[in-house]
Trainee: 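Quick one: the structure is below, and I'll ask about it shortly.
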Amino acid sequence: MPFIPHTETDVKQMLASIGVNDIEALFDEIPAELRIGLLDKVPAGLNEMEMSRLMHVRASGPQPLCFIGAGAYEHHIPAAIWEIVTRGEFYSAYTPYQAEASQGTLQLIYEYQTMMAHLTGMEASNASLYDGASGLAEAVLMAVRANRKSKSKRILMPASVNPTYRSVVQTIVENQGITLELVDYQLDAGCIDVASLPADPGDVAALVIPQPNFFGVLEDVNALTDWAHVHGLLVIAVVNPTSLALLTPPGEWGEQGADVVCGEGQPLGVPLAGGGPYFGFMCCNLKHVRQMPGRIVGRTVDADGKPGFALTLQAREQHIRRSKATSNICTNQGLVVAAATIYMTLLGAQGLNRVANSSHQNTQNLAAQLNAIDGVTMAFASPTFHEFVIKLDGVSAEDVLGALMADGVLGGFNLNADYPALGEAILVCATETKTAADIAAYRDALSRVMSRLKGGAA
Amino acid sequence: MPFIPHTETDVKQMLASIGVNDIEALFDEIPAELRIGLLDKVPAGLNEMEMSRLMHVRASGPQPLCFIGAGAYEHHIPAAIWEIVTRGEFYSAYTPYQAEASQGTLQLIYEYQTMMAHLTGMEASNASLYDGASGLAEAVLMAVRANRKSKSKRILMPASVNPTYRSVVQTIVENQGITLELVDYQLDAGCIDVASLPADPGDVAALVIPQPNFFGVLEDVNALTDWAHVHGLLVIAVVNPTSLALLTPPGEWGEQGADVVCGEGQPLGVPLAGGGPYFGFMCCNLKHVRQMPGRIVGRTVDADGKPGFALTLQAREQHIRRSKATSNICTNQGLVVAAATIYMTLLGAQGLNRVANSSHQNTQNLAAQLNAIDGVTMAFASPTFHEFVIKLDGVSAEDVLGALMADGVLGGFNLNADYPALGEAILVCATETKTAADIAAYRDALSRVMSRLKGGAA
Amino acid sequence: MSNEMKRNINSQNINGHQDGVIFEKSHSGRTNACQSPRESSASRVIPASLLRESPPLLPEVSEMQAVRHFTRLSQKNFSIDTHFYPLGSCTMKYNPRACNTLAMLPGFLNYHPLAPVETGQGFMSCLYELQEILKEVTGMKEVSLTPMAGAQGEFAGMAMIRAYHDARGDTARCEVICPDAAHGTNPATAVMCGYKVKEIPTRADGDIDIEALKEVIGPQTAGIMLTNPSTVGVFERRITEIAKIVHDAGGLLYYDGANLNAILGKVRPGDMGFDVIHMNLHKTFSTPHGGGGPGAGPVGVSERLIPFLPVPMVGYDGDQYHWLTKKDRPQSIGRLSAFAGNAGVLMRAYIYARLLGREGMPRIAEYSTLNANYMMVELQKKGFDLAFPSRRATHEFIVTLKRQAKTLDVSAMDFAKRLLDYGYHAPTTYFPLLVPECFLIEPTETEDKDTLDGFIDAMAKIQSEAETQADMVKAAPYTLPARRLDDVRAARELDIVWKPGEQTR
Amino acid sequence: MSNEMKRNINSQNINGHQDGVIFEKSHSGRTNACQSPRESSASRVIPASLLRESPPLLPEVSEMQAVRHFTRLSQKNFSIDTHFYPLGSCTMKYNPRACNTLAMLPGFLNYHPLAPVETGQGFMSCLYELQEILKEVTGMKEVSLTPMAGAQGEFAGMAMIRAYHDARGDTARCEVICPDAAHGTNPATAVMCGYKVKEIPTRADGDIDIEALKEVIGPQTAGIMLTNPSTVGVFERRITEIAKIVHDAGGLLYYDGANLNAILGKVRPGDMGFDVIHMNLHKTFSTPHGGGGPGAGPVGVSERLIPFLPVPMVGYDGDQYHWLTKKDRPQSIGRLSAFAGNAGVLMRAYIYARLLGREGMPRIAEYSTLNANYMMVELQKKGFDLAFPSRRATHEFIVTLKRQAKTLDVSAMDFAKRLLDYGYHAPTTYFPLLVPECFLIEPTETEDKDTLDGFIDAMAKIQSEAETQADMVKAAPYTLPARRLDDVRAARELDIVWKPGEQTR
Ligand SMILES: Cc1ncc(COP(=O)(O)O)c(C=O)c1O
Ligand SMILES: Cc1ncc(COP(=O)(O)O)c(C=O)c1O
């Protein structure tokens, strides 16, 4: 019996101790009419050898060259990370409820909090949320709670924020009566025009500022932050953590810095893996920490006066506060956070900076080369981090991406459905993992595809 | 600098403490004329990302269906094994010289010794030798030392022993004046004819008995053992450990059992990996244990009287006995032994028996199907374990194997070079990893190839 | 021997700097050449006003320092792979290693979530089949895998209930009923979905107080959140009656399926009359807890809630697997994550389910129930008080140490800490809240009898320690990397981010 | 608190049964369904006389029990990934994790050693390039990778020397010269190759006594086995002179290259005049020691020994990589292993070498030498006696505790055991044999200054403990999974195989 250690003798002794004749007797409180037979639609069990064979087949297949970003980024992941993270002591431990038996996990989270705080320029970090999108939803809920000056449940949400994030936020906050008001972007610049923001926005709880935004474009975060603060809005920053090795941390945006910082942690050592598990990070300053959702680890001392770590500020959480908690979150993304912590440790500020720089430069490089192809233009003139948008002339983005895929290149994310105003447009990314040859391969493939499709030939 | 933690400040402080100006000064005892410049032919360093890319390319390529055995066997390897074995505490520890700081490794080896002893039916096991072939060489050296009744350095070595093993033994023992005398096999049965052994072999130190032999055929080990003992020879058994779940353990061969048991440990949870690292196992009875080469772990007690483990009988070893040691072996195959120990633990006697059985049956099955192909016959009539020899009629083994490879099937080991008397013959293996479909795929491929090659068509 | 010497001898790693926080091992200027891309000289196009002025404070350590630090940290944890961990409501069972290895095959890890589905059919087929397996196991009509943990599954479930009422124009329903024993996420979720929470009490026999239910239910009731077996570890026998009461009032039934271990293959929430269920794959389906996550909380629904399931889901047209999105399912409550949820966790659960197979499912229920009942009876024989002595244990059961707290002044917390010294992780303490000084004990099916017996013995020993040396027990643990930690100070003198210039030890 | 209680409190895992040997956790009838093939009913063709009568005694435990047992065992080890491990002559440096991960890619692991080379070109290209790198690093003319550890490399080297003399008909050479400081494998190897060993002494300054060499050398001399830097941790300055003496006498020079760390990229054995060298890739090239192996001991040779190199080697014809065997190299001493040696170890070394690159090689020498010299000087400043105070340290150096043994009755062994309490693995003790009460200390380049300082501090503290509390030090360690073990009993009451009915603790 897979994973069941009982011998026949064990079972006999245990049943005798309980005083029943068979295991079935232990289910005698379940009403008979509810009992079921075999689960026919569940396939019969496989042994590990058979399962391994099956999964190897399913994991095989072509591995195309991938230039998609759009919220999940291919970065080099040092081998040490997952070898350590999957050690049983991290992998198979529970949430550190018994602090004394969980100092490893607790200290690691404390170190993680420290790294995230320094990276974002904030004073506090939680121990993670599910992912970047749901983390933004939690940030919105938190901002509504935290903005003591505002009574409104209005949030300004730029259209340059990842459209999927916007829809996740919508799903999560709408039942509490919070409304998201769209802030448009400039069609030529791909970012918000600060000058176009209303002189008197009324009572609004918060402004969300993406950096870089979904188009890879850098927003004028300083001006946006100051505008928000002048009008009593809190600022929620949604940032790419890799970019923070290079870009102004949200804590230093404008005069006062952002109030809540969140984002997707995946770029920090987490494999693409079909979309998860990733993790959402969230930081804020101490004045708001009691409004923050999720677990927080604090350093304290033990009975001998030696430093040690424990979960703290638990009065914010569902297991203590129940219906009055800051969030319903319980299980978070602990193991993924462990990976990110080791990633940041292995890279350090300089390594992360090189990742950011190299991604930026590869992207610049790719953009320049694609731009030279007939029928391909850059959608926006603004500076970008490690993504950019190309516009296609006379061909559909869908056809182009399909043709590229047949050539072994995943050319990017089709913006058509989310941003029809852009026409046929593709969001493209090149991180540090892309070599000059990869970039040339994309260029060559795209230029073949463009001339074929535009030429009308098959 | 990869893997070097020194900061500039560290280096300055350290040099100041030493009292030199630069690191170069530390090399001042090396004669200047011997110093070299850059190692031009060593390629420039790569970072992990670049190296990872390179190795992924080198590891890619077709993975043909493999029916080769001939000393290395594809078995299912439970995932848990290598996840545990590669834990830093096992992976990056040294030989357990400081017993108190190495109880993990030591206890594991003690458990390994126990399993091997029980598997082979012997009283003692060492902690491993390099591999099966060199292990046999050590067994020969040991037998010469251990056979007090014999003054000769003659060893009877059956031709049915793996030919590579025979040549390794030759390389290792010849400089000590030991001679290997070939014992022939029966061309129709594929094993030794006990009746054909000399009535008076003279003074011979030992007889080597393979079980199963290189052809997969089972030798009459009981009769062979008794013959050897009657004539004052020690018996060296070379066995496949998987087969021992099914077959009589050498400790029970004939009247008195074998004297030294050795073999290749690879089938016990060790990946094929292009040929290594594997490990050689060696067992004997207590009366010979002081002649055994290699490390041995013993259970003892600590200062508190609690059980603990330590290297023992070190007076046999080179670091104590130097030129009088039983062998020059120092580093052995510790980590691979850890894998084998976990393998045997996860499978248990029943699991290992099923592996043996299933391999045996798949092989029977495959043999029957190949036998039905025109131009293919079984070389030997004798019972086999999980390998068998086919003879090809009118085509060359080399051509057949080449054509099968083009079809994605590695059809076996070509016996031509080592056993020309067999004609065009191939040694074939099907372990428990082969499904009915795999077996059918081989049969179909071979029957296509045979009719193509025999038909003379391209 | 001086006192200081004595202390030195007995404290592991006297030279304690080895275990300070990673920042204390950092020295400025140290880098890991192997882990950073080469420096490139190409120019940047980012305006200076958007650039960071000083680098973030991240550790500067070598790769080996990092490996050593985190390897040593890991050793300070209890975990399933090292200890018996009978944490009630958490289902700490063995996480098969193959589930990890196979889910981490490069072909899966490198798959971009927005890559064309043509390039990920193997991956998607696993998710699709997992949907099918979970449907069958729960008896629900359709499953969405997207929620990323139990609590998000609860959110999805309650949001669907709300969407259902809204779609019918039944908008006055503003209350959700929860038993007082409910897990904290239940009321918290109800509030996140804009509901008010009404608590109903649990009876002395562990079942819900149906009279109380009848009193609070009404046209304002959107639904009820239950779990069965309940969080007090017993099977709610009158579940069919409860379902009828709720449905008759126009409410829907939410099933908190965090703990399915005791009913797998025995009885199904769908058959009990539930409208929506979430499952914690990181419990019943043995995906690892990872020191706090990630998990996965798929939701299953009855016929009437199908249109509202969160997207994406995986569809199959007989030829190709594809994502189902809001376009395909316009009434969906929408998305809960940027992509498809915790895919890697789902893969592990899929592998586990296939390893178990249809025969394995009921066995889980049988042996987890056997283990729990055995421990319950044996602990009772040793003199411990059960919270619900008249009932069968399900996968878990509750011991109350109220008597010990009162007569010996040794609390459940003290027992818990002392258990750590004996090499056992403590059971869940002080949950559910309604049982004073409680231990919620869940052994799971993967523990052998010797281990259970060892734990029972340890409990008995601690009991006798408590009787003779209460102070010793109250100051436990003694043998762990830390003595008892000061939680009050942790909250009062908040230290949640390390700052330069500090020294841990 | 009773004494028993006190002891209980302070012993980890009071409930010790958890750490017995695996057989004690075994219960008859337990199986791991997941890990065995299905039972098949087909008949067997094996005669009963060849079948086993009763199954072997292997553990019967669940997968989780196995995982828990071996995970817990692992935690009882010191290792590079957890501790500073300055074991002289062993080069315990960081083993980069990528070397493991990349060497274990499925494409490599599944490659059968007898598969056609067409299907393993990627694998073979790594081996070929490693041969080339090792040639360049050692300055030798040709390299064979096949020896499976240092000692087997030595064997190959000495067998080649013998084959060389034999090939020239120079068969009277029956002696091999070794310094008294030589590693035990050297004399043992010489004997395995049929030679007699002549020892020559080491001078007080650590160099070889050339006069003694001149005395023993002669027409009976097959060769000399040296290592440089020598096993006493100094560079043999007159190596060119020694080479001339040996060559003039018709002997060949064997270089024990177990420890190349201090000379990598600085000076090459080939340039010093050596005819043959083995390298321990599990030291200099950072492949893991694995608690005792596996290693790899490739050999490199000068021009005249090329024909004798052991096979297989990897050849490249500009198009395809292929195995070179006895057919291609008829004068080869032959094969040393069933296949091509410890291929997986070679792969790890190859990856390491490529990560280092040409610039990285001399850096290894520089920083390992810096660390050793720093520690040597600092320990001397703390009052420890150096074995060769007038010399530079190479990658390692020797402290002698003779004075402490004499005046305080605290031996090198006592210092070693007490260091364990401080969280440091002990240096190599009592080797080389010629230095009494010695510590051979090799920090390697991968340790940072703080760690070295911590070790130096610990040594100083132990010194003062030895002065005031010798008995305490002599009974160390106190904080490890075992107190000092009884080696004498281990050998006298030999218990090397567990037997049923026994109970460990
Ligand atoms: C009964 C019950 N409900 C809900 C949850 C919440 O699940 P999660 O932690 O995955 O969000 C848990 C787990 O802690 C639980 O035990
Ligand atoms: C100087 C020296 N020579 C030879 C050897 C033997 O190498 P191996 O243990 O790999 O056989 C060693 C390693 O222990 C050594 O240090």
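Both backbone and side-chain heavy atoms feed into the values below; hydrogens, waters and symmetry mates do not. Given the structure is predicted, the values throughout are model-derived calculations rather than measurements. Within every chain, numbering begins at 1; the chains are lettered A, B, ... in the order of the sequence lines, protein sequences first and strands thereafter.
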Trainee: If you define the side chain from C-beta out and look only at heavy atoms, does anything of T341(A) sit under 4.5 Å from I22(C)?
Mentor: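 No. Closest side-chain heavy atoms not under 4.5 Å.
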Trainee: Using non-hydrogen atoms only, which part of M272(C) is less than 4.5 Å away from chain A: side chain, backbone, both, or neither?
Mentor: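 Answer is both: backbone and side chain atoms of M272(C) are under 4.5 Å from chain A.
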Trainee: Nearest 0.5 Å, please: how far is CD1 in I23(A) from OG1 in T369(C)?
Mentor: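 That separation rounds to 8.5 Å.
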Trainee: Given a strict heavy-atom distance threshold of 4.5 Å, which part of Q121(C) is in contact with chain A: side chain, backbone, both, or neither?
Mentor: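 For Q121(C), no heavy atom lies under 4.5 Å from chain A.
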Trainee: Does the H425(C) side chain pair with the main chain of A101(A), one donor and one acceptor, at a distance under 3.5 Å?
Mentor: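 Not a single qualifying donor-acceptor pair exists.
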Trainee: For chain C, find which of L247(A), T105(A), L119(A) contributes the most heavy-atom pairs closer than 4.5 angstrom.
Mentor: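 Max contact count across the listed options: L247(A).
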Trainee: Is there a donor-acceptor pair under 3.5 Å between the side chain of N328(A) and the backbone N or O of A151(C)?
Mentor: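 Checking the backbone N and O of A151(C) against the side chain of N328(A), a donor-acceptor pair under 3.5 Å is found.
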Trainee: So D28(A) and R392(C), salt bridge (charged side-chain N to carboxylate O under 4.0 Å, His left out) or not? Walk me through it.
Mentor: CA-CA 8 Å; D28(A) 57 6; R392(C) 292 270 184 239; 2.9 Å; yes
Trainee: Quick one: are Q107(A) and V21(C) in side-chain contact, heavy atoms under 4.5 Å?
Mentor: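 They are in side-chain contact.
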Trainee: Is the shortest side-chain heavy-atom distance between L355(C) and N47(A) below 4.5 Å?
Mentor: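 No, too far: nothing below the 4.5 Å cut-off.
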Trainee: So what's closer than 4.5 Å to chain A heavy atoms on F70(C): side chain, backbone, both or neither?
Mentor: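 Interface part for F70(C): both.
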Trainee: Below 4.5 Å, heavy-atom pairs only: which of G360(C), A365(C), G293(C) has the largest tally toward chain A?
Mentor: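 Among the listed options, the one with the most contacts to chain A is G293(C).
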Trainee: Side chain of T171(A), backbone of I333(C): donor and acceptor closer than 3.5 Å?
Mentor: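 Side chain of T171(A) to backbone of I333(C): a pair is present.
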Trainee: With a 4.5 angstrom heavy-atom cut-off, which part of Y91(A) approaches chain C: side chain, backbone, both or neither?
Mentor: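 Both parts, backbone and side chain.
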Trainee: Count the heavy-atom pairs under 4.5 Å between each of E89(A), E432(A), M405(A) and chain C, then report the option with the highest count.
Mentor: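 Maximum pair count with chain C is reached by E89(A).
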Trainee: For the interface with chain A, which of L87(C), D486(C), V191(C) has the highest count of heavy-atom pairs at distances below 4.5 Å?
Mentor: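 Ranked by heavy-atom pairs under 4.5 Å with chain A, first place is D486(C).
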Trainee: Return the minimal non-hydrogen interatomic distance between M92(C) and S92(A), and the atom names on each side.
Mentor: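 Taking every non-hydrogen atom into account, CE-O, 3.5 Å.
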Trainee: Please report the C-alpha distance between R87(A) and S74(C) in whole Å, then the side-chain angles of each, then the deciding distance to 0.1 Å, and finally whether the side-chain hydrogen bond (donor to acceptor under 3.5 Å, both in side chains) criterion is met.
Mentor: CA-CA 8 Å; R87(A) 285 171 58 84; S74(C) 77; 2.9 Å; yes
Trainee: Any luck finding a side-chain donor-acceptor pair between K449(C) and Q13(A) under 3.5 Å?
Mentor: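 Note: K449(C) and Q13(A) side chains meet the donor-acceptor criterion.
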Trainee: Counting heavy-atom pairs under 4.5 Å to chain C, which of P383(A), A310(A), P43(A), P2(A) comes out on top?
Mentor: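 Among P383(A), A310(A), P43(A), P2(A), the one with the most close pairs to chain C is P43(A).
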Trainee: Under the side chain to side chain donor-acceptor pair (under 3.5 Å) test against H6(A), which residue among N371(C), T446(C), D448(C) passes?
Mentor: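 When N371(C), T446(C), D448(C) are each tested with H6(A), the side chain to side chain donor-acceptor pair (under 3.5 Å) holds only for N371(C).
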Trainee: Would you please name every residue forming a salt bridge (charged side-chain N to carboxylate O under 4.0 Å, His left out) with E100(A), sequence neighbours left out?
Mentor: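 Per chain and number, E100(A) pairs via salt bridge (charged side-chain N to carboxylate O under 4.0 Å, His left out) with K417(C).
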Trainee: With a 4.5 Å cut-off on side-chain heavy atoms, are M115(A) and P59(C) touching?
Mentor: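 Side chain of P59(C) against side chain of M115(A), heavy atoms only: contact under 4.5 Å found.
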Trainee: For L410(A) versus A115(C), what's the shortest heavy-atom pair and its separation?
Mentor: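 In this case the closest contact between L410(A) and A115(C) is CD1-CB, 3.7 Å.
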Trainee: Is chain C contacted by the side chain of T384(A), its backbone, both, or neither, given a heavy-atom distance below 4.5 Å?
Mentor: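 Backbone only.
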Trainee: Going by ring-ring contact (aromatic ring centres under 6.0 Å, His included), Y94(A) matches just one of H83(C), H289(C), H282(C). Which one?
Mentor: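 Running ring-ring contact (aromatic ring centres under 6.0 Å, His included) over H83(C), H289(C), H282(C) with Y94(A) returns exactly one hit, H289(C).
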Trainee: Which atoms of T248(A) come close to chain C, meaning under 4.5 Å heavy atom to heavy atom: side chain ones, backbone ones, both, or neither?
Mentor: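 Both parts, backbone and side chain.
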Trainee: Given that the side chain runs from C-beta out, which part of P37(C) has a heavy atom under 4.5 Å from chain A: side chain, backbone, both or neither?
Mentor: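 Both backbone and side chain.
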Trainee: So, N342(C) and Y278(A): side-chain donor and acceptor under 3.5 Å apart, yes or no?
Mentor: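 Y278(A) and N342(C) do not have a side-chain donor-acceptor pair below 3.5 Å.
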Trainee: Is there a donor-acceptor pair closer than 3.5 Å between any side-chain N or O of R35(A) and the backbone N or O of K266(C)?
Mentor: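 The answer is yes, because a donor-acceptor pair under 3.5 Å joins these two groups.
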Trainee: Among all residues two or more places apart in sequence or in another chain, which pass the side-chain contact (heavy atoms from CB on, under 4.5 Å) test with A133(A)?
Mentor: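 Residues passing side-chain contact (heavy atoms from CB on, under 4.5 Å) with A133(A): D131(A), Y165(A), V168(A), A338(C).
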Trainee: Between Y94(C) and F3(A), how do the two ring planes meet: parallel, tilted or perpendicular, split at 30° and 60°?
Mentor: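 Tilted, since the angle between the ring planes falls between 30° and 60°.
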Trainee: Donor-acceptor pair, N222(A) side chain versus S49(C) backbone, under 3.5 Å?
Mentor: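 Looks like yes, one N/O pair under 3.5 Å.
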Trainee: With a 4.5 angstrom heavy-atom cut-off, could you sort out which part of V377(C) is near chain A: side chain, backbone, both or neither?
Mentor: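 Contact with chain A: side chain only.
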Trainee: Pick from G291(C), P187(C), A98(C): which one has the most heavy-atom pairs with chain A under 4.5 Å?
Mentor: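 Option with the greatest count: G291(C).
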Trainee: Within the structure provided, determine whether T114(A) and I496(C) are in side-chain contact (heavy-atom separation under 4.5 Å).
Mentor: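 No. Closest side-chain heavy atoms not under 4.5 Å.
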Trainee: Of all heavy-atom pairs between A343(C) and A273(A), which one has the smallest distance, and what is that distance?
Mentor: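 What the structure gives for the nearest pair is CB-O, 3.7 Å.
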Trainee: Pick from I263(C), N100(C), T240(C): which one has the most heavy-atom pairs with chain A under 4.5 Å?
Mentor: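 That would be N100(C).
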Trainee: Give a yes or no answer on whether the side chain of H118(A) reaches the backbone of W498(C) with a donor-acceptor pair at less than 3.5 Å.
Mentor: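 The answer is yes, because a donor-acceptor pair under 3.5 Å joins these two groups.
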Trainee: Which atoms of R30(C) are under 4.5 Å from chain A, going by heavy atoms: the side chain, the backbone, both sets, or neither?
Mentor: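 No part of it gets close to chain A.
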Trainee: Using a cut-off of under 4.5 Å for heavy-atom pairs, which of D271(C), I351(C), D487(C) has the most such pairs with chain A?
Mentor: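 So the answer, after comparing D271(C), I351(C), D487(C), is I351(C).
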Trainee: Regarding E132(C) and K41(A), does a basic nitrogen lie under 4.0 Å from an acidic carboxylate oxygen?
Mentor: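 So E132(C) does not pair with K41(A) through a salt bridge.
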Trainee: Considering only heavy atoms, which portion of A44(A) lies under 4.5 Å from any heavy atom of chain C: side chain, backbone, both, or neither?
Mentor: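 Contact with chain C is through both the backbone and side chain of A44(A).
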Trainee: When heavy-atom pairs shorter than 4.5 Å are enumerated against chain C, which of V297(A), L401(A), N162(A), V221(A) gives the highest number?
Mentor: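 When all of V297(A), L401(A), N162(A), V221(A) are compared, V297(A) has the most.
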Trainee: Which value, rounded to the nearest 0.5 Å, describes the distance between I46(C) atom CD1 and H360(A) atom NE2?
Mentor: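 These two atoms lie 4.0 Å from each other.
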Trainee: For the interface with chain A, which of L336(C), V345(C), I239(C) has the highest count of heavy-atom pairs at distances below 4.5 Å?
Mentor: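 Max contact count across the listed options: L336(C).
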Trainee: Would you say the side chains of H76(A) and Q35(C) form a donor-acceptor pair under 3.5 Å?
Mentor: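 Yes - a donor-acceptor pair under 3.5 Å links their side chains.
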Trainee: With a 4.5 angstrom heavy-atom cut-off, which part of S337(C) approaches chain A: side chain, backbone, both or neither?
Mentor: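 Contact with chain A involves both backbone and side-chain atoms of S337(C).
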Trainee: Between I296(A) and chain C, which part of the residue has a heavy atom less than 4.5 Å away: side chain, backbone, both or neither?
Mentor: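 Side chain of I296(A) only, per the 4.5 Å heavy-atom cut-off to chain C.
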Trainee: Using the side chain to side chain contact (heavy atoms under 4.5 Å, CB included) definition, which of the options E493(C), R489(C), R483(C) pairs with V301(A)?
Mentor: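 For V301(A), the side chain to side chain contact (heavy atoms under 4.5 Å, CB included) test succeeds with only one of E493(C), R489(C), R483(C), which is R489(C).
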Trainee: Are S167(A) and R335(C) linked by a side-chain donor-acceptor pair shorter than 3.5 Å?
Mentor: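 Distance-only check fails for S167(A) and R335(C).
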Trainee: Any idea which heavy atoms bring E136(C) and V42(A) closest together, and the distance?
Mentor: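 The answer is CG-CG2, 3.7 Å.
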Trainee: When you check the side-chain N and O atoms of E378(C) and S17(A), is any donor under 3.5 Å from an acceptor?
Mentor: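 E378(C) vs S17(A): donor-acceptor pair found between side chains.
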Trainee: Pick one of side chain, backbone, both or neither for E366(C), based on which atoms fall under 4.5 Å of a heavy atom in chain A.
Mentor: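 Interface part for E366(C): both.
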Trainee: Looking at M55(A), M14(A), Q113(A), which makes the most heavy-atom pairs under 4.5 Å with chain C?
Mentor: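 Top count of heavy-atom pairs under 4.5 Å with chain C: M14(A).
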Trainee: Determine the option with the most heavy-atom pairs under 4.5 angstrom with chain C, choosing from L346(A), D10(A), N353(A).
Mentor: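 Top option by heavy-atom pairs under 4.5 Å: L346(A).
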